[in-house]
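For reference, the structure is listed below as structure tokens.
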Amino acid sequence: MLIAMAWPGSIDDEGLEIVPAPNAKGKRKPEEGIIHGDLNIQNVMIGNIESVEHRLVPQLILIDFGSSRTLPDDRAAEAVKANMYNVAAIMLTLIGGNIISGSANMRLKDETTIRSTARDLDGLNPKYGPKKDDIDRHTRKMRNLDPDLRDLVIQCLATSSDRRPELRDLVRQVERNVNQKTPDDYKKNPCAKDESDDALKRISKEFFFQPEEIKEQLGGTGRYIERKRIGDGDSDDDDI
């Protein structure tokens, strides 16, 4: 999503979106100032499994560009950071949190502190009035959260856009984690058994392509559907 809006049409021979390589003079094609304008979880559709980049989990497809616009060249980086913030807000929702919880000073693995609206990653905000079961469930989920993913979400939801990563650096970190991490990196996690390729395929099938079966397993309560809707609505925190 972010690469496609920053560098439209920048794809490799396999049709994958890529950060443009620097030219012979070491200069990279400048980012464009496209801003979605309505980037929230309701405008993200679940796509298909494909053999190149999405073998284990389906593509996520961004729709509804009716409110999109292009900022001037001197504000292109501003647009990229705004889109990044809103994509990270969706990530936070999927992990189990919401930016409406407000901001807090959050510590990264390297001991750096960043003011971020990802505060729910450190525990549910008491203002939700969560019950003990909700708190315990959330705590268990956070114990399974990859610390590198946690750091990236925190950085991308930094209240100051200057503290958010450059897009090319973000892409580099994501690609490194995807390509280098193995199930062995999660041996100490409570749900380590769910980190294998086979487990990811099974989870994708159950939760993305067979949600009605999950609903039935929950006794017809619809709890799965309700969880998908947490955080619906626009993310106004970084509109331009």
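If you're wondering where the values come from, they're calculated on a predicted model, not measured in any experiment.
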Pairs involving residues 186-200, ordered by first then second residue, that meet side chain to side chain donor-acceptor pair (under 3.5 Å) (sequence neighbours left out) =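 Counting only pairs at least two positions apart or across chains, the side chain to side chain donor-acceptor pair (under 3.5 Å) contacts touching residues 186-200 are Asp146-Tyr186, Asp194-Arg202.
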Decide side chain to side chain contact (heavy atoms under 4.5 Å, CB included) for Ile61 and Val44; before the verdict, give the C-alpha distance in whole Å, the side-chain angles of both, and the deciding distance to 0.1 Å.
-> CA-CA 6 Å; Ile61 302 171; Val44 177; over 6 Å; no
Sub-4.5 Å side-chain heavy-atom contact between [X] and [Y]:
X	Y	value
Ile34	Pro8	yes
Lys27	Pro22	no
Leu108	Ile114	yes
Thr112	Arg163	yes
Leu170	Arg164	no
Glu50	Arg55	no
Met142	Ile95	yes

Straight-line distance of [X] [atom1] to [Y] [atom2], nearest 0.5 Å:
X	Y	atom1	atom2	value
Ile100	Asn125	CD1	CG	9.0 Å
Ile35	Thr70	CD1	OG1	10.0 Å
Leu62	Ser68	CG	OG	9.5 Å
Ile203	Lys205	CD1	NZ	13.5 Å
Ser116	Ile154	OG	CD1	6.0 Å
Leu2	Arg168	CG	CZ	14.5 Å

Taking distance alone, no hydrogens or angles, what donor-acceptor pairs closer than 3.5 Å link side-chain atoms of residues 9-19 to residues at least two apart or in another chain?
residue : atom : partner : partner atom : Å
Ser10   : OG   : Ile18   : O            : 2.7
Asp12   : OD1  : Glu14   : N            : 2.9
Asp12   : OD1  : Gly15   : N            : 3.1
Asp12   : OD1  : Leu16   : N            : 2.8

Quick one: do Met1 and Asn83 satisfy side chain to side chain contact (heavy atoms under 4.5 Å, CB included)? Show the steps, please.
-> CA-CA 9 Å; Met1 297 178 188; Asn83 290 328; over 6 Å; no
Please report the closest heavy-atom contact between [X] and [Y], naming both atoms and the distance.
X	Y	answer
Gly96	His138	O-CE1, 2.7 Å
Ile99	Ala89	CG2-CB, 3.9 Å
Glu31	Ala76	O-CB, 3.3 Å

Can you tell me if CZ on Arg28 sees more than 12 non-hydrogen neighbours from other groups inside 6.0 Å?
->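 Yes, enclosed.
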Step through the shown structure and confirm whether more than 12 heavy atoms of other residues, nucleotides or ligands are within 6.0 Å of CG on Asn48.
->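 12 or below, so no.
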Are [Y] and [X] connected in a single hydrophobic cluster, I mean Ile/Leu/Val/Met/Phe/Trp/Tyr linked by side-chain heavy atoms less than 4.5 Å apart?
X	Y	value
Met45	Leu39	no
Val171	Val178	yes
Ile90	Val57	no
Leu145	Met106	yes
Phe65	Val80	yes

Ignoring hydrogens and angles, tell me if any N or O in the side chain of [X] forms a donor-acceptor pair with the backbone of [Y] under 3.5 Å.
X	Y	answer
His36	Ile63	yes
Arg143	Pro190	no
Ser204	Leu56	yes
Trp7	Lys29	yes
Ser67	Gly37	no
Arg119	Ala104	no

Quick one: do Asp148 and Gln173 satisfy side chain to side chain contact (heavy atoms under 4.5 Å, CB included)? Show the steps, please.
-> CA-CA 9 Å; Asp148 291 314; Gln173 291 183 64; over 6 Å; no
Salt bridge (Lys or Arg N to Asp or Glu O under 4.0 Å) assessment of Lys201 paired with Glu206 | CA-CA 9 Å; Lys201 289 178 182 178; Glu206 290 177 354; over 6 Å; no
For Asp169, side-chain hydrogen bond (donor to acceptor under 3.5 Å, both in side chains) partners two or more places apart =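 Here the qualifying residues are Arg172.
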Under the side-chain hydrogen bond (donor to acceptor under 3.5 Å, both in side chains) rule, collect the residues that match up with Glu175, sequence neighbours excluded.
->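 For Glu175, no residue satisfies side-chain hydrogen bond (donor to acceptor under 3.5 Å, both in side chains) once neighbours in sequence are set aside.
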Check whether the side chains of [X] and [Y] place a donor and an acceptor atom closer than 3.5 Å, and report yes or no.
X	Y	value
Ser101	Asp120	yes
Arg115	Ser103	yes
Asp38	Asn43	yes

Evaluate side chain to side chain contact (heavy atoms under 4.5 Å, CB included) for Leu94 paired with Ile41, printing each intermediate quantity in order.
-> CA-CA 9 Å; Leu94 295 175; Ile41 201 167; 4.0 Å; yes
Residues that Asp136 engages under salt bridge (Lys or Arg N to Asp or Glu O under 4.0 Å), provided they are two or more places apart =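 Applying salt bridge (Lys or Arg N to Asp or Glu O under 4.0 Å) to Asp136 gives Lys132.
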Arg150: salt bridge (Lys or Arg N to Asp or Glu O under 4.0 Å) partners, not counting sequence neighbours =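 By the salt bridge (Lys or Arg N to Asp or Glu O under 4.0 Å) rule, Arg150 matches Asp122.
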For salt bridge (Lys or Arg N to Asp or Glu O under 4.0 Å), just list the numbers for Asp162 and Lys81, CA-CA rounded to whole Å, side-chain angles, deciding distance to a tenth of an Å, and then say yes or no.
-> CA-CA 9 Å; Asp162 292 340; Lys81 294 294 182 74; 5.7 Å; no
